[in-house]
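Residue numbers count from 1 along this sequence.
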Amino acid sequence: KNPVPQAASLLLEKLLLLVHIRPLPAGSGEEKPPPAPGYYDTSCFKRGDLLEVPRTLFIHFGIYLGENRVAHLMPDILPTITGDRRQIQQVVTNKRLILGVIARTASVRVDTVEDFAYGGSILVNHMDRLFEDQVLGSEEAACRAEKLVGTTAYSLLWNNCEHFVTFCRYGAPVSFQTEKFCETVKRIIRDQRSVLASVLVGLASIVCLGVAPSTTLPTIFIPFLLWMAG
C-alpha cells in the first residue's frame, strides 16, 4: 500500500481529534457538568428523531429513543478495559474520548438529553431535507439505534457519530462533515503557492508527530493546518 495516503489519513484524524474535544470552562481545570434534568423541553421530540448539537467546529448527532433518552456514538476507551457498567455509563470525559480515538474504539451509548447536548442548542431532523424520500420510519430508526448499542470500532473519518445517525434514520452511513472537510483539503492541496508554509509544517510534523520528511508529505500537511487556523 502507498504510505502517503495512509500518512495523510492518520494526520487528518489526529487534527480532527482536536476539534472533537469539549472546551473546558475558563479558569477551571475541570469539565463543566451538564445541565440539570429538565433543562431541555423534550415534549417536542419524537422517538426516532435525529438530534443535532452544533459545536464550534463540528456537530454531534444522536437518535432520540423517547423518555429523555438519546443513543449516540462516542469514542471511549473505558469499555475496552472494564466491564463495570456504572463507570462506563458516566459522562465521557475528554481523557476517555482522546484515548478512545487513539485506540479507535467507541460505544453507542444511551444518555439523557442533557448529557448528550451538554448545554448546546438542539436541532431536530435538520438533515431530513438532504435525504428527501430516504427517511425511514421513526420506529425503525429508533430500533436500529437500539440494536447498535454497545462497543464498536471508531474512526473520525469513516465511522463517527454522523455515520451512525444517517444509517439509523436514512439507511446509508454517510458524513457530510467529513466530505466537506475533505473537499476543502483537496482545494487547498491544489494551491502550491506557500513554500514557506510547506517547510514550516513539514518541520512541525517531524517534531510533533514523528513523521519522516519527504517531497510529498509537506504538501499534504499544509492544508490541514491552514484549515485549522482558518
Side-chain angles (χ1 to χ4, degrees), residues 12-26 28 31-66 68-76 91-94 96-98 100-101 106-132 134-135 138 141-142 145 154-170 172-185 224 226-230:
L12 176 57
E13 292 205 7
K14 287 185 177 181
L15 290 174
L16 279 175
L17 166 62
L18 298 178
V19 304
H20 278 68
I21 298 176
R22 286 189 295 252
L24 299 180
S28 172
E31 295 191 23
K32 180 181 178 180
Y39 181 85
Y40 294 95
D41 179 12
T42 62
S43 62
C44 60
F45 300 159
K46 297 179 181 179
R47 179 172 166 82
D49 280 348
L50 190 157
L51 307 185
E52 299 181 34
V53 180
R55 302 295 188 187
T56 303
L57 294 173
F58 73 102
I59 300 174
H60 188 52
F61 297 87
I63 297 292
Y64 187 65
L65 302 180
N68 198 36
R69 298 175 302 130
V70 181
H72 59 129
L73 190 153
M74 284 282 290
D76 188 5
V91 177
V92 178
T93 63
N94 282 341
R96 285 169 56 181
L97 184 150
I98 293 171
V101 172
S107 65
V108 175
R109 50 186 289 133
V110 177
D111 286 311
T112 64
V113 171
E114 287 76 19
D115 285 346
F116 161 75
Y118 220 77
S121 58
I122 299 177
L123 301 177
V124 183
N125 298 331
H126 193 245
M127 294 181 70
D128 285 4
R129 57 191 172 82
L130 301 175
F131 287 88
E132 298 181 352
Q134 293 180 247
V135 181
S138 296
Y154 185 80
S155 170
L156 286 165
L157 293 177
W158 319 122
N159 188 37
N160 58 40
C161 62
E162 189 173 6
H163 291 101
F164 165 68
V165 297
T166 52
F167 169 75
C168 291
R169 187 165 177 84
Y170 311 116
V174 298
S175 174
F176 292 107
Q177 293 185 107
T178 298
E179 292 177 2
K180 183 178 180 180
F181 183 86
C182 290
E183 285 301 317
T184 301
V185 168
F224 296 105
L226 289 176
W227 182 84
M228 291 294 289

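- Using a 4.5 Å heavy-atom threshold, the side chains of H60 and M74 count as touching.
- Remark: D111 pairs with R109 by the salt bridge (Lys or Arg N to Asp or Glu O under 4.0 Å) rule, at least two apart or across chains.
- For N68 against E114, the heavy-atom pair with the smallest separation is ND2-OE1, 3.3 Å.
- Going from atom NE2 of H163 over to atom CZ of F61 covers 10.5 Å, rounded to the nearest 0.5 Å.
- Looking only at side-chain heavy atoms (C-beta outward), E162 and E52 stay at 4.5 Å or farther from each other.
- Closest approach of N160 to S175, counting heavy atoms only: ND2-OG, 3.6 Å.
- The shortest side-chain heavy-atom distance between Y118 and R55 falls under the 4.5 Å cut-off.
- At a threshold of 4.5 Å between non-hydrogen side-chain atoms, the residues N159 and F164 do not count as touching.
- In this structure, C161 SG and H72 NE2 are separated by 9.5 Å, a value rounded to the nearest 0.5 Å.
- Nearest heavy-atom pair across V135 and E132 is CG2-O, 3.6 Å.
- Within the 6.0 Å centre-distance limit, the rings of F131 and F176 are counted as a close aromatic pair.
- Between the CG atom of L51 and the OG1 atom of T42 there is a distance of 10.5 Å, given to the nearest 0.5 Å.
- Contact of the R169 side chain with the M127 side chain is not registered, since no non-hydrogen atoms from C-beta on lie closer than 4.5 Å.
- Taking CG of L130 as the reference point, atom OH of Y170 lies at 7.5 Å (rounded to 0.5 Å).
- Residue S121 holds its OG atom at 7.5 Å from OH of Y40, rounded to the nearest 0.5 Å.
- Between the side chain of Q177 and the main chain of F58, no donor-acceptor pair closer than 3.5 Å is present.
- Nearest heavy-atom pair, A142 versus I63, reported as atom, atom and distance to 0.1 Å: CA-CG2, 4.3 Å.
- Note that the CG atom of L157 and the OG1 atom of T178 stand 5.5 Å from one another [nearest 0.5 Å].
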